[in-house]
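Side chains are part of it too, since the values below use all heavy atoms of this structure and drop only hydrogens, waters and symmetry mates. Just so you know, these numbers come straight off a predicted model, no measurement behind them.
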Amino acid sequence: MPVLAEEPAAPVGASIWSARVGPQVWVPLVLLFGALGYPFFLLVTSAFNVGDPQALPPVKYGFDNFFGLLDHLDWIGNSLILASGGTALGITIGIVLAWIIHRTNMPGRGLFEVLIAIPYPLGPLVGALAWSQLGSPHDGLINRLYIWLTGAGHPLINIYSLPGIIFVAAIFEAPVAVLIIGAAMQQMDPALEECSSIFGGGKLRTAFRVTLPLMLPAILSAALFLFTSMIGAFAIPTILGTSSRFYVATSAIYVLMQGYPPNYPLAAALGLVLIAFTGVAVWLVQRVLRGRSYAVISGRNYRPRPVNMRGWIWLLFAITCLYTLVSLVLPLGALAFASIQIGSALNLNPALWTLKNYTYVLFDFPTTRQAILNSLILGVGTGTIGVVCATLIAVAVHRSRSAGRQLLEQVTMLPQAFPRLIFAFGFFWMVLTLPIPLYGTLLAVLLAYIIVFLPLAYRCMSGVVVQIDRALEEAARISGATPARVMRTITVPLLRSGVLATWALLFMVSVREVSASLFLSSASTPVLGPAIFSFWDSGGLSRVSALALVQAVIILIALFAVRRLSGREVRF
């Protein structure tokens with residue numbers, strides 16, 4: 001992904017951090033190399049293991065596992081189709097919504113900016129469960145309503161089909177594209193578009209010929225994020241694809257891991273193939289952007305002005321409402337309706353509705369009760385430790401002059417190239433080989449969460465750190481303040497809003513995470529994501545809906561609480 005431009009070189013001694021760059025850069029670098037390198041090494045050795053599948057280290061090496069994948073090319077092909085199709089649709093949605101929200105005069109843009117962001121922290125698991133109840137070809141609410149209104153003998157949609165799976169994946173990942181592309185649109189000098197208008201370019205022509213080409217770095221960055229996320233997607237293709245026997249690489253890895261005996265080498269080989277495709281995608285994006293200029297910020301002061309869309313406003317408003325409906329209103333409504341059913345069948349008779357499912361998952365069933373508590377602990381721990389680590393790394397990268405700071409940034413972003421299920425697989429192997437008994441503990445899940453979400457936290461905090469003028473810190477340093485006091489009294493207070501937003505984001509994505517904890521949690525340490533997935537696997541539709549809605553409520557409370565505490569709108 002494109003990285004922030006390097007700051008101008010400063011004179012020796014100009015940075016308050018320049019005297020102590022060694023520990024700030026090399027300590028996290030060594031820790032990250034160990035936390036990422038060892039699991040990857042175990043994953044590679046397992047992939048080439050052609051002897052005892054559970055031997056570690058292997059006693060016999062070969063390429064048999066990769067040759068064995070030739071019999072299952074459909075797994076890899078389905079993953080590529082899902083990732084490519086979902087990325088294309090998600091980026092299209094992201095471009096359209098970002099342009100509507102940030103570059104037009106559509107009414108209610110501030111409200112829609114918040115509503116559009118909510119589906120991402122809710123997560124793909126909630127989306128898959130909700131749309132399985134909305135778009136099931138047999139008893140989905142949308143199809144039942146369609147047949148009742150029209151008398152048709154066939155369903156309107158089949159969410160279990162490949163287009164349906166791509167659709168659900170795209171609408172729940174699109175908010176990230178809106179965030180990345182929208183941030184770039186807000187920074188673009190409007191004079192570039194004004195020049196197009198002066199020479200006779202219409203609004204839509206200007207958008208396609210001027211705005212979009214200049215947004216290419218942001219668009220490709222968003223596309224890369226969506227592609228790496230979707231090629232490692234687990235919840236959506238597993239929940240929606242099982243009934244139609246649509247298997248992707250991640251669902252195949254899960255089956256291989258859970259089988260008896262488990263086929264760890266074949267699962268590891270499949271994981272390496274996914275990592276290779278992710279690496280190719282990163283290389284392609286860098287190659288496209290190399291040697292080109294996409295400067296969109298001029299040296300003069302300006303305020304981006306919304307484009308007056310006149311009669312098109314209500315069409316844009318309808319498009320935004322439609323996305324909010326399919327990504328937020330309908331999914332939460334479907335979960336709420338299913339959660340009050342007595343059985344698995346969706347019944348419209350209010351006499352057969354009940355709240356006992358909530359009582360069961362919150363109080364009566366110890367596994368779900370403990371899973372909620374554990375997820376809250378993990379959310380707080382991941383948010384707190386993740387923010388501290390990301391802040392220290394961001395300060396080291398953008399305040400020190402060490403030659404290793406660029407390497408530190410690249411290594412920090414490296415977990416983004418690993419599909420989370422694949423990383424969890426390698427981390428699972430590492431936990432088993434360590435002399436410390438970590439398997440099945442919350443500490444193992446916490447460490448995995450911190451590593452997996454560190455790139456996200458770093459990107460959030462680095463964007464805030466680079467906005468702090470060095471002169472403020474230098475003034476305090478000249479006045480005799482120590483670096484520690486400068487950090488405590490100047491840097492940290494200025495970072496407050498960024499820290500709060502990053503903490504909330506880490507808390508939310510930790511609470512709804514499934515893939516990174518699927519292999520690391522156990523019956524004694526249940527976590528919400530795997531607990532919901534286990535409920536779905538056992539067929540308890542009403543109870544799994546209640547538990548998923550509880551998870552959604554926790555996330556929404558965190559989202560609105562941080563907005564209230566920050567005193568201003570916090571964008572995720």
Legend entry - Residues Ile118, Phe560; criterion side-chain contact (heavy atoms from CB on, under 4.5 Å); working and verdict: CA-CA 10 Å; Ile118 293 177; Phe560 289 106; 4.2 Å; yes

Inset, instruction - Mind running ring-ring contact (aromatic ring centres under 6.0 Å, His included) on Tyr254 and Phe533 for me, showing each step along the way? - result: CA-CA 12 Å; Tyr254 177 75; Phe533 182 77; 5.6 Å; yes

Inset, instruction - Start with the C-alpha distance between Phe40 and Leu272, add both sets of side-chain angles, then the distance that settles side-chain contact (heavy atoms from CB on, under 4.5 Å), and finish with yes or no. - result: CA-CA 9 Å; Phe40 183 70; Leu272 287 185; 3.9 Å; yes

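In this structure, Leu541 CG and Gln133 CD are separated by 4.5 Å, a value rounded to the nearest 0.5 Å. Ser542 OG to Tyr360 OH: the interatomic distance, rounded to the nearest 0.5 Å, is 10.0 Å.
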Would you be so kind as to tabulate the donor-acceptor pairs closer than 3.5 Å made by side chains of residues 324-331, with sequence neighbours excluded?
from	atom 1	to	atom 2	distance (Å)
Thr324	OG1	Thr320	O	2.9
Ser327	OG	Tyr323	O	2.7

Distance-only check: which donor-acceptor pairs under 3.5 Å involve side-chain atoms of residues 368-378, not counting sequence neighbours?
from	atom 1	to	atom 2	distance (Å)
Thr368	OG1	Val361	O	2.7
Thr368	OG1	Phe365	O	3.1
Arg369	NH1	Phe363	O	2.5
Gln370	NE2	Asn374	OD1	2.9
Asn374	ND2	Gln370	O	3.4
Asn374	ND2	Pro526	O	2.8
Ser375	OG	Ala371	O	3.0
Ser375	OG	Leu528	N	2.8

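Gln551 contributes a side-chain N or O that, together with a main-chain N or O of Val511, makes up a donor-acceptor pair within less than 3.5 Å. Panel note: side chain Ser339, backbone Ala336; a donor-acceptor pair is recorded below 3.5 Å. In this structure, Thr433 contributes its side chain and Met430 its backbone to a donor-acceptor pair below 3.5 Å.
In terms of the side chain to side chain donor-acceptor pair (under 3.5 Å) criterion, Arg543 has no residue partners (sequence neighbours excluded).
Between Trp429 and Leu42, the closest heavy-atom pair is C-CD1, 3.7 Å. Counting all heavy atoms, side chain and backbone alike, Phe427 lies closest to Ile451 at CE1-CD1, 3.8 Å.
Each of Leu520, Leu506, Val527 was compared with Tyr449 under the side chain to side chain contact (heavy atoms under 4.5 Å, CB included) criterion, and only Val527 meets it.
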